[in-house]
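Okay, so here's the structure we're looking at.
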Amino acid sequence: MVADVLWARHGENVANLTKTLSYRVFDGDLTDVGRGQARELGERLAAADAGQVQLLACSPLRRARQTAEIVGRRLGLPVAMELDDLREVNVGELDGRSDARAWEIYAAVLEAWRAGDTQARFPGGENRDELCARLRRALTAVARGAATGHSSAAARSGEDDHSPTLAHSGEEGRSLVVAHGANLRAALPCLAGEPDPGADLPTGAVAALHVHPGGSPVVRLVSWPGAAPG
C-alpha cells in the first residue's frame with residue numbers, strides 16, 4: 001500500500017510573532033493572518049484537481065488544530081485524527097523561551113542533525129532519531145487510517161508558490177496532515193533518505209509525500225515549496 005499524504009504547515013500564530021519556541025509549554029492561537037492563510041489553504045485544496053482527501057489529521061497544538069478545523073470546514077471533513085506524535089520538535093528546556101541564547105542552542109542542534117549527528121539532543125528534549133521514530137509512527141497511522149476508511153466524510157481536495165505537486169499513486173485516497181514545518185524538515189533524511197530541502201515550509205504551505213507503511217524508507221518526498229527533490 002502506498003498512501004498519498006499532503007503535509008500542511010499551520011498558519012501564522014502568536015509564537016511566530018514573539019519568536020517563542022513552542023512544543024508544549026507555549027501554545028498560541030492563530031493570528032488574523034494565520035486564519036487567512038488557513039482559509040486560503042482550504043480554498044486551494046478545494047479548487048485543485050487532486051483527487052479525494054479521505055482523512056484529515058493534525059497535531060494537538062492549537063495552531064495546527066485551528067488551521068485544520070478551518071480547512072476542514074471548507075473541505076467538508078472533520079478532524080479524524082489528532083496525534084501527539086505530530087507535535088513540533090521537542091526542544092525540552094528551551095520550550096517557551098524566546099531569548100537569543102535559546103535560539104542559538106536551537107540552531108546548533110538542527111545544524112548538528114543536518115551534519116549527520118543524529119544523537120545531538122536538545123537539553124531535556126529529543127534527538128533526531130527520536131523525532132524520526134515518532135513522525136514515522138504518525139505517518140504510518142495516518143496512512144493506515146485512510147486505507148481503512150477512518151474518516152467519516154470525503155471531499156475534493158493549489159496555484160501559487162505554495163501549491164504542492166499532487167502526483168497521485170492511484171492506490172488510496174489522500175490524507176491531509178496539518179502540523180509543523182521544522183519537524184518534518186529535520187526528519188526527512190531518516191524518513192525519506194532525502195537531503196535537507198534548504199528552506200523551511202512556509203506557514204500555510206504544503207509538501208506532498210508518498211507514505212509506505214512498514215516500508216523503508218517510510219516516506220518519499222514528492223514536492224516541497226521552493227525545492228526540487230531528486
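Along the sequence shown, residues carry numbers from 1.
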Under a 4.0 Å threshold between the charged nitrogen and the carboxylate oxygen, would [Y] count as salt-bridged to [X]?
X	Y	value
R63	D29	no
E43	R74	yes
D95	R24	no
R65	E69	yes
E130	R121	yes
R97	D99	yes

Side chains of [X] and [Y], heavy atoms from C-beta outward: is any pair under 4.5 Å?
X	Y	answer
V91	Y106	yes
Q54	S175	no
L135	W7	yes
V218	V211	yes
L56	V178	yes
W224	L184	yes
L139	V219	yes

Distance, nearest 0.5 Å, that separates [atom1] of [X] from [atom2] of [Y]:
X	Y	atom1	atom2	value
H180	L201	NE2	CG	11.5 Å
W103	K19	CH2	NZ	7.0 Å
L191	R220	CG	CZ	14.5 Å
D4	L176	CG	CG	12.5 Å
C132	N127	SG	CG	9.0 Å
N16	T31	CG	OG1	7.5 Å

Of all heavy-atom pairs between [X] and [Y], which one has the smallest distance, and what is that distance?
X	Y	answer
V177	V5	CG2-CG1, 3.8 Å
A186	L110	CB-CD2, 4.3 Å
F26	L21	CB-O, 4.3 Å
A64	C58	O-CB, 4.2 Å
L45	L6	CD2-CD1, 3.9 Å
G204	L41	O-CD1, 3.9 Å

- For a side chain to side chain contact (heavy atoms under 4.5 Å, CB included) with L94, tell me which candidate from T20, I105, V89 qualifies.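 The single option meeting the side chain to side chain contact (heavy atoms under 4.5 Å, CB included) with L94 is I105.
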When you measure from the side chain of [X] to the backbone N and O of [Y], does any donor-acceptor pair fall under 3.5 Å?
X	Y	result
D196	G198	yes
E82	P60	no
D27	L61	no
W113	A120	yes
R35	L30	yes
R87	Y23	yes

- Message: With a 4.5 Å cut-off on side-chain heavy-atom distances among I, L, V, M, F, W and Y, is there a chain of contacts connecting L86 to F122?
- Response: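 Yes, L86 and F122 fall within the same hydrophobic cluster.
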- Same cluster for V14 and V33 if Ile/Leu/Val/Met/Phe/Trp/Tyr side chains link at under 4.5 Å?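 Shared cluster, no.
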- Item | side-chain contact (heavy atoms from CB on, under 4.5 Å) between R114 and R185, worked out | CA-CA 10 Å; R114 289 170 191 149; R185 178 183 175 184; 3.3 Å; yes
- Does a side chain donor of either T203 or H10 reach within less than 3.5 Å of an acceptor in the other side chain?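 Absent: no donor and acceptor within the cut-off.
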